[in-house]
Amino acid sequence: MRFQRVKGTRDILPLEALARRELEQLVFSRLSRSGFQPIHTPTFEKFELYQRSTGESSDIVIKEMYRFQDMGGRDLALRPEGTPSVMRAILENHIKLPVRLWYSMSMFRQDKPQKGRYREHTQIGAEIVGEAEPEADAELIKLGFDLFSEIGIDGMYMELNSIGCRECRPTYQVKLVNFLKKHSSEMCEECRVRMERNPLRVFDCKVASCQDILKSAPSQRDHLCKECKEHFDKVKKGISAFNIPYQENDRLVRGLDYYSRTVIEFKSTSLGAQDAVCGGGRYDYLAEEMGGPHIPGTGFAFGVERALLASKGEGIFTYEQPTIALLILPLGSDATSFALDLVFKLRKAGLEALVEFRSGGLSRMLKRAASRNARKVLIVGEDEMASGVFILRDMKSGEQRELSFEELIESQDADSS
RNA sequence: GUGGGUGUAGCUCAAUUGGCAGAGCACUUGACUGUGGCUCAAGAUGUUGGGGGUUCAAGUCCCCUCACCCACCCCA
């Protein structure tokens with residue numbers, strides 16, 4: 001075959017597509033109850049939107065975006081994450097605040113694919129916009145925790161941190177940079193670059209010698225301003241009140257520029273290197289970065305592919321071979337058009353039914369029905385057409401009953417398995 | 001962008017020091033002409049990922065390339 005998928009993309013075959021539907025329905029139901037409304041935004045936006053919001057120092061903007069020009073010479077990009085678009089939509093459509101929105105949308109990043117990482121993936125996100133209160137963060141975390149517990153994420157744990165605000169973060173950064181400069185000769189090349197661009201990111205470094213040095217680095221937590229500390233304490237208090245276990249990790253920084261105060265990640269121990277299932281946090285400056293008014297917000301987004309991967313062990317999703325409730329087997333060419341007429345009547349009455357079009361003797365027809373996972377078959381041959389009484393056969397037990405069309409509809413037999 | 005691994009039938013995998021490309025499952029047909037799953041018999045299927053080289057001879061050795069997987073990085 002001449003064609004194959006573009007690198008990093010996937011075909012989602014029926015078995016997985018069904019599991020996805022179940023997942024999405026579960027999320028929809030839980031979020032609706034909590035006052036979230038669905039939203040969809042365009043798959044591509046102006047490149048500048050992401051540049052201004054996701055941020056110039058983020059890897060996403062620096063090297064992972066699908067950026068292109070349209071015929072009008074506009075500088076566009078495929079959506080790498082959902083939050084900027086949602087905020088843009090709120091501002092552009094003057095959506096009344098506060099508001100709770102959720103979405104399920106494809107995201108595109110030109111990363112090198114590996115387990116749990118694709119160039120197109122689906123994120124389900126939930127955003128609470130217009131509320132600066134720590135209770136909003138705590139509620140959102142509770143929602144996420146319940147959702148992932150219900151989905152059955154293997155080895156799930158949550159990490160939490162506060163990265164301060166524009167009052168206290170710069171002060172801390174200066175202290176951190178001063179510290180790093182003192183040790184710069186002992187640190188790896190990349191860390192020295194990070195020092196200049198986004199000093200907080202040095203904490204992500206995996207080099208052992210760097211980590212040793214960082215052990216004695218000043219901690220973010222000790223440099224939060226009064227307001228941020230209070231906010232963070234209230235978030236933690238709220239989470240504890242819900243009995244949600246978490247690990248405070250003052251190295252948790254997150255790669256997007258717009259976060260302030262609360263940042264969270266839900267991780268799974270079963271995903272290999274790409275262990276983050278869900279990431280999120282507060283983004284009180286995002287609207288302003290985009291040239292709008294001050295609008296606080298907090299949210300999270302999780303990867304559908306990763307959630308499904310991590311729920312394979314104890315997950316609630318079925319992954320069962322789909323079955324056909326009722327397969328009609330017409331014997332002889334006249335019977336096919338008769339069966340087709342019949343099948344639409346059955347469907348109209350609410351039954352799930354299909355007609356086998358390929359001709360053949362009854363023996364072969366039954367073989368086919370078995371290989372197509374039919375639960376029941378209806379035999380329609382010369383005798384049946386003449387008498388109006390059909391044979392309904394249960395494929396599992398082999399039991400047969402003779403029924404008229406009316407009796408068949410009444411019994412709703414096709415739907416019982 | 002940088003490493004490591006793997007590419008043989010639809011799927012899972014064999015093929016000795018380089019010596020006729022195979023098996024199981026699945027599929028098709030028949031035994032069984034209106035009663036499937038079991039059994040038996042027969043059948044179809046390949047540019048051995050692609051290109052080049054060495055050789056009388058390459059799935060096997062060498063070079064290049066592509067794809068996938070895993071990891072670094074980063075993230076969902």
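Treat the numbers as computed from the prediction; the structure is a model and nothing was measured. Proteins come first, then strands; the chains are lettered A, B, ... in the order of their sequence lines, and each starts at number 1.
- When the nucleotides B:rA76, B:rC70, B:rC74 are ranked by their closest atom to the side chain of A:K115, B:rC70 comes out on top.
- For the pair A:R169 and A:Y172, the cation does not sit on the ring face, since its NZ or CZ is not both under 6.0 Å from the ring centre and inside 45° of the axis.
- Closest to the side chain of A:L366, out of B:rC27, B:rG36, B:rC75, is B:rG36.
- For a distance-only test at 3.5 Å, the side chain of A:R5 fails to qualify as a donor-acceptor partner of the base of B:rC68.
- Of the candidate nucleotides B:rU2, B:rA67, B:rG34, B:rU2 has the atom lying nearest to any side-chain atom of A:K112.
- A 3.5 Å limit on both hydrogen-bonding distances identifies B:rG19 as the Watson-Crick or G-U partner of B:rC56.
- Residue A:D59 is in sugar-phosphate contact alone, with no base atom involved, counting any heavy-atom pair closer than 4.0 Å across all strands shown.
- When the nucleotides B:rU35, B:rC72, B:rG36 are ranked by their closest atom to the side chain of A:Q114, B:rC72 comes out on top.
- Atom CZ of A:F28 has 12 or fewer heavy atoms from other residues, nucleotides or ligands within 6.0 Å.
- The side chain of A:K7 lies closest to B:rC68 when the candidates are B:rG34, B:rC68, B:rG37.
- In the set B:rC75, B:rC70, B:rG30, the nucleotide with an atom closest to the side chain of A:R364 is B:rG30.
- Minimum atom distance to the side chain of A:E384 is reached by B:rG34, of the listed B:rG34, B:rU35, B:rG36.
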